[in-house]
Amino acid sequence: MKLSWLLLARLLAGGVGFLPPLVAASLLDGLQYGLGASSFAVGMLVIGPVAQYAKQGYLRSILLPDRPDISAWHILFVFLALVIAGMVVSHVALGVPLMALAAIFVAVCSLAIVRIEEVRQVALDRQLLAVCLFYVVPPVMLTVLFAASWFFALRPDWVAISLAMSMAYLVPSLLSIVLRRGLAALSVQPMRMEHVRLLWTESRTFLVSGIVMSATESLPTLALTALGVPQAVATFELVRKLSSAVSVFLHGLSIAFAPRLIKAAAEQDWTAVRGTIWRNTQLSIAFAAVYLPLAVAAVLVLGRLGWIHASVSFDLALPLFASAFVTCVAAPFGMAVAALNSEKWWVIGGFLGVASFAATLAFAPLLGAAQAVAVAVLIQNLVLSLTISLVVSRLVFLHRGEGASPKREVRGLSLEAE
């Protein structure tokens, strides 16, 4: 499969991705959507550990035959058991309503299966199918559900909105399991204590970093609600979707280049490692230079059309688009962290970034809640990106004069670069 086709499909999926918040901002009750999106955001925050491990550690274990073979069902069962225990404590000790916990649990289940299935499809060289199932189908389903609820005057509350978001992801993930293994996917190996110990050994660093990294997606929505402006969530999400289209392109590059980068690092082919990082950097910055000016113009046009609040969206656009450019520069280095077995720096950089995010929110009385959250996103991304980029640059620099070492067996992929 051509890289250009994969990137085109991922960009089209990103375009579809901003439809749900756009429809919600125009047709649904802003408060109910904000509360429902916040509930789903909690699920995204909880799922962070599995997502981080899946896209890096689990992919690495699938591609490299000398890594332990870990069952996807075991990952899911252990993680959900921990989630249930945490929810019991939240209900008994903190009095969190059962309805809220149920909505969050459904979101966690659907997102956990999605992240694991995406990695399985990528490892099988089915990147285009993964993009269609997990990045096109969910927003299309959600947009149709939102439009239908408005057309039939159903007026969904926050619980219905949160559950709709979860179902939009659960349906394609179940379809992926059927396409990948059929009825054989229902068979589960017995789980023993050694399996749990192995899973913990392989995933612990990713799990900790995932808790922190998921804040990048979830904390802004939660912060807006905590600062008393949940009605701004829809506009904020729309502007962030426009800025994060860069991340959509970067994700396309990641699922294309991450397997070969893992392979090159395993073979200690430092020429290939440097070439992959450099090629990725060139493509991501070139896309940002073309897309970001167009996205800023789109925000202004949407504001003039009255689809979003023009003054709010402009204040949000500047820091969010600046953060998107920072992501373009640093993303290739972030992709290399797991390949170079330096995932602990995700934890360090992530904690520093979240601390910076929280500190920036102190300026909310001065900047306004929405703009303070947007600036906090920029500061958090700067701190994390700088940490990761410096570490990877140093590791690659240490091997500057080295080429390829004797090759190890690695499960190959057939994705073409040209």
Within the 4.5 Å heavy-atom criterion, are [X] and [Y] side-chain neighbours or not?
X	Y	answer
V273	L261	yes
L175	L133	yes
I285	V329	yes
L378	L382	yes
R279	L253	no
V96	I104	no
E118	Q121	no

Taking [X] for the side chain and [Y] for the main chain, is one N or O donor matched with an acceptor at less than 3.5 Å?
X	Y	result
S26	L22	yes
S110	A107	yes
S173	V114	no
N381	S323	yes

message = Enumerate the ring pair (Phe, Tyr, Trp, His ring centres under 6.0 Å) contacts for residues 362-382, please, sequence neighbours excluded, ordered by first and then second residue.
response = none

query = Got a sec, which pairs hit ring pair (Phe, Tyr, Trp, His ring centres under 6.0 Å) with one end in residues 117-144, sequence neighbours left out?
reply = Y135-H251

Considering only distance and modelled atom types, tabulate donor-acceptor pairs under 3.5 Å from the side chains of residues 137-156, sequence neighbours left out.
| residue | atom | partner | partner atom | Å |
| --- | --- | --- | --- | --- |
| T143 | OG1 | P139 | O | 2.7 |
| S149 | OG | L145 | O | 3.3 |
| S149 | OG | F146 | O | 2.7 |

ask   = Among V122, V119, L128, which residue meets the side-chain contact (heavy atoms from CB on, under 4.5 Å) test with I255?
value = V122

Would you give me the side-chain donor-acceptor pairs under 3.5 Å for residues 33-42, sequence neighbours excluded?
| residue | atom | partner | partner atom | Å |
| --- | --- | --- | --- | --- |
| S38 | OG | G34 | O | 2.7 |
| S38 | OG | T225 | OG1 | 2.8 |
| S39 | OG | S162 | OG | 3.3 |

Under 3.5 Å, which donor-acceptor pairs do the side chains of residues 75-86 form with other protein atoms, sequence neighbours left out?
none

query = With V159, which residues qualify under side-chain contact (heavy atoms from CB on, under 4.5 Å), at least two apart?
reply = M99, D157, L163

